[in-house]
Amino acid sequence: MGTSVQVTPLCGVYNENPLSYLVSIDGFNFLLDCGWTDHFDPSLLDPLSRVAASVDAVLLSHSDTLHLGALPYAMKQLGLSAPVFSTIPVHRLGLLTLYDHYFSRKQVSEFDLFTLDDVDSAFQNVTALAYSQNHHMSGKGEGIVISPHEAGRLLGGTIWKITKDGEDVIYAVDFNHRKERHLNGTVLESFVRPAVLITDAYNALNSQPARRQRDQEFIDTILRTLKGDGSVLLPVDTAGRILELILILEQCWGQLHLTYPIYFLTNVSSSTIDYVKSFLEWMSDSIAKSFENSRDNSFLLKHVKLLISKAELENVPDGPKVVLSSMASLEAGFSHDIFIEWAADVKNLVLFTERGQFGTLARMLQSDPPPKAVKVTLSKRVPLVGEELAAYEEEQERIKKEEALKATLIKEEESKAAVGADIPVGDPMAVDAAFPSGNAYRDILIDGFVSPSTSVAPMFPFYENSSEWDDFGEVINPDDYVIKEEDMEHASMAVDGDLDGKFDEGAASLILDMKPSKVVSSELTVQVKSSLSYMDFEGRSDGRSVKSILGHVAPLKLVLVHGSAEATEHLKQYCLKHVCPYVYAPQIDETIDVTSDLCAYKVQLSEKLMSNVRFKKLGDYEIAWVDAEVGKTENDMLSLLPLSTPAPPHKSVLVGDIKMPDFKQFLESKGIQVEFAGVGAMRCGEHVTLRKVGDASQKGGGATIQQIVIEGPLSEEYYMIRNYLYSQFYSL
Amino acid sequence: MASTVQPTSSLKRRDSMPTRESDQLTITPLGAGSEVGRSCVYMTFKGKTVLFDCGIHPAYSGMAALPYFDEIDPSKIDVLLITHFHLDHAASLPYFLEKTTFKGRVFMTHATKAIYKLLLTDYVKVSKVSVEDMLFDEQDILRSMDKIEVIDFHQTLEVNGIRFWCYTAGHVLGAAMFMVDIAGVRVLYTGDFSREEDRHLRAAELPQFSPDICIIESTYGVQLQQSRSVREKRFTDVIHSTVAQGGRVLIPAFALGRAQELLLILDEYWANHPELHNIPIYYASPLAKRCMAVYQTYINSMNERIRNQFATSNPFMFKHISPLKSIDNFDDVGPSVVMASPGGLQSGLSRQLFDKWCGDKKNSCLIPGYVVEGTLAKTIINEPKEVQLMNGLTAPLNMQVHYISFSAHADYAQTSTFLKELMPPNIILVHGEANEMGRLKQKLISLFADRNTKIMSPKNCQSVEMHFNSEKMAKTIGKLAEKTPEVGEAVSGLLVKKGFSYQIMASEDLHVFSQLSTANVMQRISIPYTGAFGVIKHRLKQIYESVESSTDDESGVPTLRVHDKVTVKQESEKHVSLHWSADPISDMVSDSVVALVLNASREMPKVVVESEPVKDEVEDEKKAEKIINAILVSLFGDVKLGENGKLVITVDGNVAHLDKQSGDVESENAGLKERVRMAFQRIQTAVKPIPLSAS
């Protein structure tokens with residue numbers, strides 16, 4: 001029987017919540033993506049927390065928050081400890097995305113869900129793979145091969161193919177079939193008839209204008225605002241779709257010789273572009289080509305300036321400008337602050353390039369009609385001054401003292417414990433043998449005089465000063481007196497650890513700046529007077545393309561996830577009708593079994609049989625009819641031997657795919673008059689009619705056996721056309 | 001032409017023979033067989049052909065520098081894999097792509113492709129001066145760029161059933177070792193590789209699968225290299241002492257690859273020795289300058305050290321080294337260090353400087369890498385008294401010559417440990433000078449003495465043939481596999497082959513498991529016929545065993561069904577129609593029915609009731625026997641009737657006994673037995689009536 005496959009969604013089905021799915025293949029649990037929203041709501045991760053410990057491997061598909069945001073939190077808090085697999089760009093850019101989130105949050109709140117160290121340690125577990133690299137799992141997953149393939153949309157974006165025993169499970173979400181400036185389209189269409197395909201319904205109801213038209217409109221809208229002396233804010237992601245936007249703007253500014261400044265402002269913008277510059281291998285053919293031919297790196301930006309702090313933006317001269325800033329949700333980050341400042345001016349434009357996540361400010365502003373005013377929280381981290389500072393310092397002092405006290409006590413205890421352990425049994429000083437370590441003493445000291453219930457003789461601990469003396473005085477441990485540089489380094493390591501020593505100054509100042517500070521928040525209502533606009537630059541395939549791709553891939557079983565309930569239901573109905581009979585759209589925590597009911601067994605093809613088989617070549621395939629007898633080899637394998645008796649006749653099989661228009665052309669080239677007559681019918685010559693029955697609606701691999709009817713009076717023409725028709729097929 | 005060596009056998013001729021998929025794997029070096037230069041190794045297995053590398057021989061020029069391409073048919077090659085950008089591995093590529101019938105696909109890594117273009121364009125410019133018969137021009141290079149496809153490290157690609165992927169090889173930026181998998185047989189071609197990590201490159205990886213054949217370079221043979229730090233120290237010491245004495249240092253080096261490593265060393269040394277800051281280092285290669293962008297971009301192909309440095313400042317932006325355009329711009333006044341290409345001192349700037357400096361014993365010439373046989377650099381390593389200058393004059397060689405190798409090739413220690421860990425059953429040595437290779441071969445043979453490892457070192461155009469009996473496994477799927485059959489049962493279905501994987505399936509399942517689809521063609525033909533329908537029925541019954549009459553459900557007209565295949569229907573008074581589903585047998589039946597109907601309508605008036613023909617079975621039997629005998633005689637010649645009705649067939653002294661009733665054959669010779677059995681079966685099928693009831 002086939003490989004057992006179960007799918008359990010953990011988050012992101014029947015809605016647009018982040019993606020996270022558990023796929024179990026013969027008992028080996030893959031976590032596909034580990035996403036979170038910009039709100040960082042831990043309750044979303046409840047289903048994940050229940051299964052996190054049983055996950056054997058994590059596969060990440062894209063570098064944005066929706067696909068990998070929860071990774072550090074899950075690693076630290078939920079007991080996720082499996083190895084993680086992703087492509088190199090997803091690894092690097094994902095790391096930067098989370099850094100940016102952390103910095104943005106930390107600037108405005110006491111963010112404590114994860115720290116930079118958590119991000120680093122989570123990403124240290126990542127095994128980076130190249131596209132089409134076959135990675136053989138070991139141990140429990142023996143026999144499973146995973147390989148990432150190009151998905152489009154984001155740099156390094158991945159479709160995962162998990163193969164076991166020749167059966168493919170494909171996880172393809174948020175792919176883009178269109179070729180873009182910086183990326184090639186997805187290679188999803190090159191997979192045919194996988195056993196299981198897991199895909200999203202996110203864009204099932206969505207249609208897109210032509211790219212050229214959309215780009216033109218985008219540029220026009222921006223230029224109109226700039227010429228009207230307004231500024232444009234584009235709330236964007238940290239390291240994903242922003243790359244495409246940057247290239248569009250760069251190209252346009254270059255062609256039109258525009259001088260309006262463009263700023264790319266995130267906490268990690270310069271690192272982002274530096275890394276992107278070295279990821280040419282992962283980008284589109286045209287970018288690779290331009291580099292090969294003229295060593296012209298498309299990400300050597302000529303017009304876009306990189307900023308890493310709000311202060312830098314405040315220092316630039318006034319006047320119309322374009323600012324690309326994170327986060328796209330407007331919930332946090334520089335974009336949030338800029339929006340508050342700019343929203344009140346009618347001349348300005350806030351241009352959204354992706355749909356806001358549900359419940360975010362961006363989503364609210366994208367509603368139709370847009371709200372006239374929105375309530376926002378303006379938070380700022382301000383250094384402590386005056387009394388507060390004094391109080392803080394006092395507090396710090398107290399904490400320090402306490403710690404010092406604790407440390408000395410612990411040290412005493414330790415040495416005491418050492419002494420205690422030396423005390424011979426039976427000594428009245430000896431406490432219960434169950435407390436040989438300093439713990440007992442610590443309890444006593446910290447909690448006052450509460451003695452362990454088991455202690456024999458509750459009393460003040462007393463011990464001699466155990467310091468050893470030698471000729472030079474007390475023996476000391478030099479380590480105790482070394483000023484720990486580690487701690488200081490640690491703070492910076494947090495940033496450069498994985499970033500190879502590269503970090504942005506603004507971000508660094510945030511970490512290294514140990515000045516006492518606090519977060520000040522104020523609610524305020526912002527009048528939205530600036531124009532708002534939304535254009536789809538998400539880079540996902542639109543509904544129609546998704547359908548045609550699914551029809552082409554034609555999986556044996558299809559699982560739909562991620563998309564509004566409406567879209568999911570729509571795509572489900574469509575696929576049931578046109579793609580395959582097994583379409584599933586499970587709910588959260590609902591486990592569905594998509595084990596293929598495929599029967600299969602392996603046989604050896606004996607040399608004797610093969611020497612008599614004549615293959616016919618059809619495209620990539622070679623095909624032949626075999627009649628064989630089952631035998632056994634020495635090592636007890638089934639093998640096929642030639643028949644000992646003459647083969648029974650079999651119904652011949654016509655293999656081939658006839659397209660009526662093509663056949664029409666073919667006949668015409670042979671000098672036969674052909675015209676279409678009604679649906680799927682063709683009149684050839686004088687009297688012969690050719691019809692194709694039954695499969696007009698079924699496209700691609702879902703097709704059943706084609707039925708072709710040829711009708712006509714007995715005539716030479718009939719036989720001639722029949723022969724031409726036969727020539728389109730291979731008869732076996 | 002360089003083809004002075006007579007090839008042992010022409011591959012082309014062999015290829016023109018009918019190619020049947022065989023288990024024989026053939027590897028033929030077309031270049032780099034017992035020599036260094038023009039790497040090119042041809043491999044064919046199961047009708048698939050792969051060519052590794054496509055270089056030129058730096059010591060020759062024009063056509064003579066090419067590998068022996070005329071030994072093969074370029075149009076038969078499926079995949080061409082280039083390991084790295086060095087001229088002896090990649091420089092005949094534009095020629096091969098543009099001037100031969102090659103129409104396969106070419107792959108190399110991203111970095112290799114980027115440098116390849118710059119390097120070859122430079123090569124064309126430089127050699128224009130000295131060579132008349134150019135192999136290709138810049139246009140050819142540009143066109144070849146469009147045909148070259150890129151592959152990333154570890155990325156697995158499949159072309160025509162040939163699967164291949166590549167590993168890091170060390171050596172130079174972008175260098176790869178290719179693993180090719182054809183029908184489960186794996187071949188590793190190392191190209192040039194180094195297992196030692198240096199300043200900017202990672203060491204060659206150890207593949208996780210052991211290959212069946214390892215084609216490995218043997219440049220250094222049994223030599224052992226000093227450790228990197230020792231070599232670096234010697235290198236800097238020589239330079240330091242020479243310039244300290246007021247001498248000049250010439251480093252003839254190939255512009256790309258190892259030169260970058262040397263510059264990194266020099267720049268670092270100068271940075272650490274402020275007393276040298278007034279002594280200029282020149283780097284006389286605009287090419288290397290152009291390639292710097294490539295070195296800055298593909299940092300993911302380099303080691304951690306460089307990637308960390310890159311984060312703070314670009315290590316390839318040298319502080320103490322300046323570029324030098326040509327000798328005219330060179331102000332040769334005092335001590336200096338000049339790195340110039342070419343590395344073999346054949347011509348160009350390095351030779352000009354050599355000619356200028358070779359007379360002064362204060363000067364040094366530092367040869368930093370492997371030098372090819374036949375070049376001046378190779379000659380001066382042996383420190384001759386005199387050398388010939390470019391202008392033909394002879395001059396004394398007074399300058400110091402040092403040979404400190406930095407070329408990142410595996411030495412004996414690396415090669416042997418690599419092979420020991422990889423344990424390939426077959427090792428083929430290429431890319432090594434004949435004597436060195438011989439020594440390495442001997443040493444490897446004794447190293448692997450306890451194992452059945454074959455070690456070969458073919459010369460150019462000498463083929464190595466190996467046999468791999470790969471078992472062909474098929475997977476039976478779908479309806480056919482609902483029940484696993486017992487021994488002795490018959491299995492019939494479609495055998496579908498894609499690449500080297502086989503599947504057996506029922507024809508109805510074909511569209512489910514492959515992109516192919518099947519079709520049914522329904523045929524409907526109408527024949528004018530005015531006679532009585534009963535006549536047709538009568539005639540049909542005379543010929544066919546099974547003729548069922550019924551009436552059509554819809555129209556109520558009478559129908560006849562012949563052998564469940566063809567339906568004859570009386571459409572109207574004037575027409576009958578025939579329906580059937582296309583199939584060779586049904587077509588045949590329908591043709592006979594058509595003929596019969598036409599005949600019947602012609603012979604309309606006379607309704608003759610013929611008597612049932614008495615089947616003379618005995619007569620038939622005799623006739624069949626006669627035919628069988630005649631055919632057997634025509635096939636085997638000597639056929640006699642033996643005892644108990646068996647036929648005795650004698651072919652070349654081998655005797656076979658054939659039982660005509662059962663079809664059993666007895667013979668001592670298995671081949672003959674099989675042939676007779678097969679022939680008899682086919683004859684019987686031909687002579688006997690067609691079985692119409694298809695299963």
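Numbered from 1 within each chain, the chains take letters A, B, ... in sequence-line order.
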Peer 1: Any donor-acceptor pair under 3.5 Å linking the side chain of B/Thr156 with the backbone of A/Ser132?
Peer 2: yes

Peer 1: Looking at A/Leu605, A/Thr689, A/Asn297, A/Leu280, which one has more heavy-atom pairs under 4.5 Å with chain B than the rest?
Peer 2: A/Leu605

Peer 1: I'd like to know whether B/Val597 forms a side-chain contact (heavy atoms from CB on, under 4.5 Å) with A/Leu714, so could you lay out the CA-CA distance, the side-chain angles of the two residues, the decisive distance to 0.1 Å, and finally the verdict.
Peer 2: CA-CA 11 Å; B/Val597 172; A/Leu714 181 68; over 6 Å; no

Peer 1: Report which part of B/Leu480 has an atom under 4.5 Å of a heavy atom belonging to chain A: side chain, backbone, both, or neither.
Peer 2: backbone

Peer 1: Is chain B contacted by the side chain of A/Ala288, its backbone, both, or neither, given a heavy-atom distance below 4.5 Å?
Peer 2: neither

Peer 1: Would you say B/Arg143 has more than 12 foreign heavy atoms packed within less than 6.0 Å of its CZ?
Peer 2: yes

Peer 1: Looking at B/Ala474, B/Ala111, B/Ser507, B/Ala293, which one has more heavy-atom pairs under 4.5 Å with chain A than the rest?
Peer 2: B/Ala474

Peer 1: What part of B/Met473 lies closer than 4.5 angstrom to a heavy atom of chain A: side chain, backbone, both or neither?
Peer 2: both

Peer 1: What part of B/Arg677 is in contact with chain A, defined as an atom under 4.5 angstrom from a non-hydrogen atom: side chain, backbone, both or neither?
Peer 2: side chain

Peer 1: Is the backbone of A/Ile710 close enough, under 3.5 Å, to the side chain of B/Arg524 for a donor and an acceptor to pair up by distance?
Peer 2: no

Peer 1: How long is the gap from OG on A/Ser294 to CZ on B/Arg290, to the nearest 0.5 Å?
Peer 2: 13.0 Å

Peer 1: In terms of heavy-atom proximity below 4.5 Å to chain A, should B/Met505 be classed as side chain, backbone, both, or neither?
Peer 2: neither

Peer 1: Please say whether more than 12 non-hydrogen atoms of neighbouring residues, nucleotides or ligands are located less than 6.0 Å from NZ in A/Lys616.
Peer 2: yes

Peer 1: Heavy-atom distance under 4.5 Å to chain A: side chain of B/Leu578, backbone, both or neither?
Peer 2: neither

Peer 1: Could you have a look at B/Met678, B/Glu486, B/His110 and say which one has the most heavy-atom pairs with chain A under 4.5 angstrom?
Peer 2: B/His110

Peer 1: Flag yes if more than 12 heavy atoms outside B/Arg305 fall under 6.0 Å of its CZ atom; otherwise flag no.
Peer 2: yes

Peer 1: Does any heavy atom of chain B fall under 4.5 Å from the side chain of A/Leu690, the backbone, both, or neither of them?
Peer 2: neither

Peer 1: Show the numbers, then the answer: is there a side-chain contact (heavy atoms from CB on, under 4.5 Å) between B/Leu118 and A/Arg295?
Peer 2: CA-CA 10 Å; B/Leu118 296 167; A/Arg295 299 177 310 288; 3.0 Å; yes

Peer 1: Please determine, among B/Ile527, B/Asn300, B/Ile299, B/Asn160, the option with the most heavy-atom pairs under 4.5 Å with chain A.
Peer 2: B/Asn300

Peer 1: Within a strict 4.5 Å, meaning less than it, do heavy atoms of the A/Pro713 and B/His575 side chains meet?
Peer 2: no

Peer 1: Which bit of A/Val655 comes within less than 4.5 Å of chain B, counting heavy atoms only: side chain, backbone, both or neither?
Peer 2: both

Peer 1: Using heavy-atom distances under 4.5 Å, tell me whether B/Phe209 contacts chain A through its side chain, its backbone, both, or neither.
Peer 2: side chain

Peer 1: Can you tell me which residue pairs pass the salt bridge (charged side-chain N to carboxylate O under 4.0 Å, His left out) test with a partner in residues 149-160 of chain B, sequence neighbours excluded?
Peer 2: B/Arg105-B/Glu149

Peer 1: Evaluate the criterion side-chain contact (heavy atoms from CB on, under 4.5 Å) for residue pair A/Glu711 and B/Ser577; output intermediate values, then yes/no.
Peer 2: CA-CA 10 Å; A/Glu711 272 181 307; B/Ser577 70; over 6 Å; no

Peer 1: Tell me, for B/Thr109 versus chain A, whether the close heavy atoms (under 4.5 Å) come from the side chain, the backbone, both or neither.
Peer 2: neither

Peer 1: Select one option (side chain, backbone, both, neither) describing which atoms of B/Arg163 are under 4.5 Å from chain A's heavy atoms.
Peer 2: side chain

Peer 1: Evaluate the side-chain contact (heavy atoms from CB on, under 4.5 Å) criterion for residues B/Thr476 and A/Leu638: first the C-alpha distance (whole Å), next the side-chain angles of each, then the deciding distance (0.1 Å), finally the verdict.
Peer 2: CA-CA 11 Å; B/Thr476 314; A/Leu638 287 179; over 6 Å; no

Peer 1: Side chain of B/Lys498, backbone of A/Glu622: donor and acceptor closer than 3.5 Å?
Peer 2: no

Peer 1: Taking side chain as everything from C-beta outward and backbone as N, CA, C, O, which of these in B/Phe153 sits under 4.5 Å from a heavy atom of chain A? Side chain, backbone, both or neither.
Peer 2: backbone

Peer 1: What part of B/Gln296 gets within 4.5 angstrom of chain A, counting heavy atoms only: side chain, backbone, both, or neither?
Peer 2: neither

Peer 1: Select one option (side chain, backbone, both, neither) describing which atoms of A/His136 are under 4.5 Å from chain B's heavy atoms.
Peer 2: side chain

Peer 1: Heavy-atom cut-off 4.5 Å, strictly under: side chain, backbone, both or neither for B/Ile525 against chain A?
Peer 2: both

Peer 1: Less than 4.5 Å to any heavy atom of chain B: does that hold for the side chain of A/Asn134, its backbone, both, or neither?
Peer 2: both

Peer 1: To the nearest 0.5 Å, what is the distance between OH (A/Tyr719) and CG (B/Asp587)?
Peer 2: 8.5 Å

Peer 1: At what distance, to the nearest 0.5 angstrom, does CD of A/Glu167 lie from CD1 of B/Ile477?
Peer 2: 9.0 Å

Peer 1: Let me know if A/Lys617 has heavy atoms under 4.5 Å from chain B in its side chain, its backbone, both or neither.
Peer 2: neither

Peer 1: In Å, rounded to the nearest 0.5 Å, how long is the span from CD1 of B/Ile151 to OH of A/Tyr131?
Peer 2: 15.5 Å

Peer 1: Rounded to the nearest 0.5 Å, what's the gap from CZ on A/Phe291 to NZ on B/Lys113? Could you check?
Peer 2: 12.5 Å

Peer 1: What option among B/Gly493, B/Ala481, B/Pro485, B/Ala582 has the most heavy-atom pairs under 4.5 Å with chain A?
Peer 2: B/Gly493

Peer 1: Examine whether an atom of A/Lys277 lies under 4.5 Å from a heavy atom of chain B, and if so say whether it belongs to the side chain, the backbone or both; otherwise answer neither.
Peer 2: backbone

Peer 1: Side chain, backbone, both or neither: which part of A/Val626 has a heavy atom under 4.5 Å from chain B?
Peer 2: both

Peer 1: Name the option with the most non-hydrogen atom pairs under 4.5 Å to chain A; the candidates are B/Val487, B/Ile115, B/Asn520.
Peer 2: B/Asn520

Peer 1: Of all of A/Trp282, A/Tyr601, A/Trp625, which one pairs up most often with chain B through heavy atoms under 4.5 Å apart?
Peer 2: A/Tyr601

Peer 1: Tell me every residue that passes side chain to side chain contact (heavy atoms under 4.5 Å, CB included) with A/Gln133, counting only those two or more places apart in sequence or in another chain.
Peer 2: A/Leu129, A/Ala130, B/His154

Peer 1: By a 4.5 Å heavy-atom criterion (distance strictly below it), what part of A/Asn293 contacts chain B: side chain, backbone, both, or neither?
Peer 2: both

Peer 1: Report which part of B/Asp591 has an atom under 4.5 Å of a heavy atom belonging to chain A: side chain, backbone, both, or neither.
Peer 2: side chain

Peer 1: Hey, which of A/Glu629, A/His135, A/Gln604, A/His687 has the most heavy atom pairs under 4.5 Å with chain B?
Peer 2: A/Gln604

Peer 1: With chain B, which of A/Leu654, A/Val192, A/Ile623 has the greatest number of heavy-atom pairs at distances under 4.5 Å?
Peer 2: A/Leu654

Peer 1: Could B/Lys497 and A/Phe615 be counted as a cation-pi pair, given that NZ or CZ must be under 6.0 Å from the ring centre and within 45° of the axis?
Peer 2: yes

Peer 1: Pair B/Gln523, A/Tyr718 - check side-chain hydrogen bond (donor to acceptor under 3.5 Å, both in side chains), show working.
Peer 2: CA-CA 10 Å; B/Gln523 306 204 34; A/Tyr718 178 88; 2.8 Å; yes

Peer 1: Assess the pair B/Tyr298 and A/Phe279: is the distance between their ring centroids shorter than 6.0 Å?
Peer 2: no

Peer 1: Would you give the length of the straight line joining atom NZ of A/Lys289 to atom CG of B/Asp146, rounded to the nearest 0.5 angstrom?
Peer 2: 4.5 Å

Peer 1: Report which part of B/Val150 has an atom under 4.5 Å of a heavy atom belonging to chain A: side chain, backbone, both, or neither.
Peer 2: side chain

